[in-house]
Amino acid sequence: MLNKKELERQIKLDIEERGCTVLEQRNNDELIVGYIINEFGSKEDKIIGVVAKDLSLRVNHQLINRAMKEPTIELGIILTPDKRYYIDMSTGMQIDTPKTFKNHSKYATSEEDIRRKIGYLIQSARRKHDTDITNYILTPIAIRAYFSENNNLNEWLNVDIDLYNRLVDEIKNKLKINGNMLQKIYNKDELEDTKKALEMLVPISIYYSRIIEDLIRKESVKQGLYISTQNMINVVSHFTKVLSINDSCIELGSGAGCLLREQDSDSNILKGIEINNDISDISKLLNLISGKGNIEITTTDVLNIEEIEKYGLTIVEPPLGMRVKNEQYTNNFVVARNSTMVNASDLFIEKAINITKDGGYIVAVVNDGLLFTKQSESIRKLITSKTTIKAIVGLP
């Protein structure tokens with residue numbers, strides 16, 4: 001007689017033959033679940049199976065109760081040592097010809113599924129760690145994306161602690177990550193839970209970067225990091241998409257690279273300039289997990305970059321309200337020549353004007369002072385003499 005473990009293996013094979021992926025059993029659950037990824041990129045449970053000594057009302061009710069909680073379940077399998085039974089879960093009746101199902105994708109790609117799964121991972125991390133939640137969540141997502149990039153994703157579930165930690169160092173070296181935004185792991189059970197949590201999800205998605213951005217906004221007080229609000233990103237992205245520029249793009253003060261990742265083109269050259277090392281590191285990692293390999297991030301002072309190369313679109317998001325001494329800028333910036341102190345945003349905009357192609361566009365986020373105060377008179381004259389103003393949009 002076959003033992004329970006062998007019978008469960010047979011059910012899993014049956015589920016797979018019917019087009020479903022077997023969901024890992026958790027918390028000693030007797031039920032074995034098979035799911036598909038539907039045409040919307042979401043997971044749908046379709047089959048439930050159970051090993052039993054014999055066919056009974058108790059076993060039938062066990063399947064029906066689960067199917068009532070998951071209305072997408074259509075087929076039940078009961079395997080006894082003597083016989084296999086198929087149940088139509090819409091009626092609870094036995095059938096001789098069980099259904100098969102179609103998987104539309106190997107991985108779940110929907111925002112809802114990704115956010116739900118990563119949400120579980122975040123909750124688990126918060127129970128185990130007091131700090132560095134962002135790093136803890138970002139690291140396995142980055143490693144899995146790196147696997148995918150190198151066509152080794154089928155090895156994800158075989159990763160052990162040594163390989164996981166080696167990959168942390170490998171990614172840091174490849175992307176030139178200087179800080180500690182990737183976190184090594186030393187607990188085997190923790191690693192196994194993390195691998196299983198990500199197993200069904202697509203390895204690369206823009207939704208991952210948006211989740212991490214949200215985490216950083218919530219943790220910003222602890223980490224000393226700042227990321228633009230999602231509303232601001234949506235507004236600026238809308239303008240750049242309406243312009244529909246099929247040309248190279250640069251963002252001055254790119255921060256975590258949120259705006260660059262929202263650009264539609266995968267073929268154009270996209271560059272970000274960011275002075276903060278930690279934010280620059282985050283940007284590089286978020287580009288990796290979003291599949292935005294065409295974005296180049298340079299960690300340097302925007303005001304010191306050369307003006308040899310010109311861009312079709314320049315996005316400017318300067319540090320609002322920041323004023324600097326003019327001494328080191330008077331030789332290269334017109335706006336620095338009339339006052340001992342100058343607004344950093346005025347310098348950023350002059351730099352943007354100088355590196356944007358004739359006929360190109362500049363999208364800038366600035367405060368109202370640039371339009372009205374005497375301090376910004378020089379930059380207003382520069383704007384009106386060297387550019388054509390297409391729109392000025394006031395934000396609440």
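Positions are given from 1 along the sequence.
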Any donor-acceptor N/O pair, N165 side chain to I185 backbone, under 3.5 Å: yes
side-chain hydrogen bond (donor to acceptor under 3.5 Å, both in side chains) evaluation trace for S90 with D88: CA-CA 6 Å; S90 63; D88 181 343; 2.6 Å; yes
Donor-acceptor contact present, side-chain N38 to main-chain F40, <3.5 Å: yes
Run the side-chain hydrogen bond (donor to acceptor under 3.5 Å, both in side chains) test on E170 and N173 for me, step by step, so that the C-alpha distance in whole Å, both residues' side-chain angles and the decisive distance to 0.1 Å come before the verdict. CA-CA 5 Å; E170 193 172 316; N173 290 333; over 6 Å; no
Under a 4.0 Å N-O cut-off, is there an ion pair linking K99 with E74? yes
Would you say Y146 and N150 make side-chain contact, with heavy atoms under 4.5 Å? yes
Counting only heavy atoms not in M68, do more than 12 fall under 6.0 Å of its CE? no
One should read off an interatomic distance between Q62 CD and I78 CD1, to the nearest 0.5 angstrom, of 8.5 Å
Strictly by modelled atom types, are T80 and D54 linked by a side-chain donor-acceptor pair under 3.5 Å? no
Take a 6.0 Å sphere around NZ of K357 and say whether it holds more than 12 heavy atoms from other residues, nucleotides or ligands. yes
Interatomic distance, NZ@K172 vs CG@L175, rounded to 0.5 Å, equals 11.5 Å
Polar side-chain atom of S280 near backbone of N276 as donor-acceptor pair, under 3.5 Å: no
Roughly how far apart are T314 OG1 and I349 CD1, rounded to 0.5 Å? 11.5 Å
More than 12 non-hydrogen atoms from neighbouring residues, nucleotides or ligands closer than 6.0 Å to CG on N304, yes or no? yes
Please assess K102 against E39 for the test salt bridge (Lys or Arg N to Asp or Glu O under 4.0 Å), listing each intermediate value before the final yes or no. CA-CA 10 Å; K102 181 181 178 182; E39 63 268 34; over 6 Å; no
Testing S339, S376, S378 for side chain to side chain donor-acceptor pair (under 3.5 Å) with D346, which one passes? S376
Full working for salt bridge (Lys or Arg N to Asp or Glu O under 4.0 Å) between D247 and K310: CA-CA 10 Å; D247 203 343; K310 305 289 184 180; over 6 Å; no
NE2 (H238) with more than 12 external heavy atoms under 6.0 Å: no
Take N103 and T21 through the side-chain contact (heavy atoms from CB on, under 4.5 Å) test and state the conclusion after the steps. CA-CA 9 Å; N103 237 318; T21 302; 3.7 Å; yes
Check whether any side-chain heavy atom of P140 sits under 4.5 Å from a side-chain heavy atom of Y164, and report yes or no. yes
Taking atom types as modelled, is there a side-chain donor on E155 or N152 under 3.5 Å from an acceptor on the other? no
Is there a side-chain contact (heavy atoms from CB on, under 4.5 Å) between I204 and I289 once you walk through the steps? CA-CA 5 Å; I204 290 172; I289 65 178; over 6 Å; no
With a 3.5 Å cut-off and no angle check, do the side chains of E350 and Y329 form a donor-acceptor pair? no
How far apart are the C-alpha atoms of Q263 and T240, what are their side-chain angles, what is the distance that settles it, and do they pass the side-chain hydrogen bond (donor to acceptor under 3.5 Å, both in side chains) test? CA-CA 7 Å; Q263 301 307 303; T240 60; 3.3 Å; yes
Is there side-chain contact between L201 and R144, with heavy atoms separated by less than 4.5 Å? yes
Partner residues of S254 under the side-chain hydrogen bond (donor to acceptor under 3.5 Å, both in side chains) criterion, sequence neighbours left out: none
Should the heavy atoms of other residues, nucleotides or ligands under 6.0 Å from CG of L57 be counted, would the total exceed 12? no
Is it the case that the side chain of N135 and the backbone of Q183 share a donor-acceptor pair, with hydrogens and angles ignored and the cut-off at 3.5 Å? no
Under 3.5 Å, is there a donor-acceptor pair linking the side chains of E199 and Y107? no
Mind checking whether E274 and T299 have side chains closer than 4.5 Å, heavy atoms only? no
Identify whether the distance between the nearest side-chain nitrogen and carboxylate oxygen of E192 and K195 falls below 4.0 Å. yes
Pairwise distance CD1(I133) to CD1(I216) - rounded to 0.5 angstrom: 13.0 Å
Would you say that W156 contacts L198 through its side chain, given a criterion of any heavy-atom pair below 4.5 Å between the two side chains? yes
Do the side chains of I141 and Y120 join up, straight or via other hydrophobic residues, at under 4.5 Å, putting them in one cluster? no
Any chance you could lay out the salt bridge (Lys or Arg N to Asp or Glu O under 4.0 Å) test for E307 and K351, step after step, and finish with the verdict? CA-CA 8 Å; E307 299 173 1; K351 175 65 76 173; 2.9 Å; yes
Does this structure show an ion pair linking D169 with R166, if we count only N-O contacts that are shorter than 4.0 Å? no
For N287 and R261, run side-chain hydrogen bond (donor to acceptor under 3.5 Å, both in side chains): C-alpha distance rounded to whole Å, both residues' side-chain angles, the deciding distance at 0.1 Å, then the answer. CA-CA 7 Å; N287 293 340; R261 283 189 295 277; 2.9 Å; yes
Quick one: do D14 and R18 make a salt bridge, cutoff under 4.0 Å? yes
More than 12 heavy atoms of other residues, nucleotides or ligands under 6.0 Å from NZ of K106: yes or no? no
Can you tell whether the side chains of K46 and E44 come within less than 4.0 Å, N to carboxylate O? yes
Under the 3.5 angstrom rule, does the side chain of S237 hit a backbone N or O of I233 as a donor-acceptor pair? yes
Name all residues meeting the salt bridge (Lys or Arg N to Asp or Glu O under 4.0 Å) criterion together with K381; count only those two or more places apart in sequence or in a different chain, and write none if there are none. E377
Between D214 and R115, does at least one N-O distance fall below 4.0 Å, as a salt bridge requires? yes
So, E112 versus S42: side-chain donor-acceptor pair below 3.5 Å or not? no
Measuring from atom OH of Y208 to atom CD1 of I137, what distance do you get when rounded to the nearest 0.5 angstrom? 12.0 Å
Close side-chain approach of Y85 to I77, heavy-atom, < 4.5 Å: no
Give the cluster check for L13 versus V33: same hydrophobic cluster or not, with ILVMFWY residues linked at side-chain heavy-atom distances below 4.5 Å. no
E213 side chain near Q230 side chain, heavy-atom distance below 4.5 Å: yes
Under a 4.5 Å cut-off applied to non-hydrogen side-chain atoms, are I355 and L252 in contact? yes
Under 3.5 Å side-chain donor-acceptor pair for T229 and N231: no
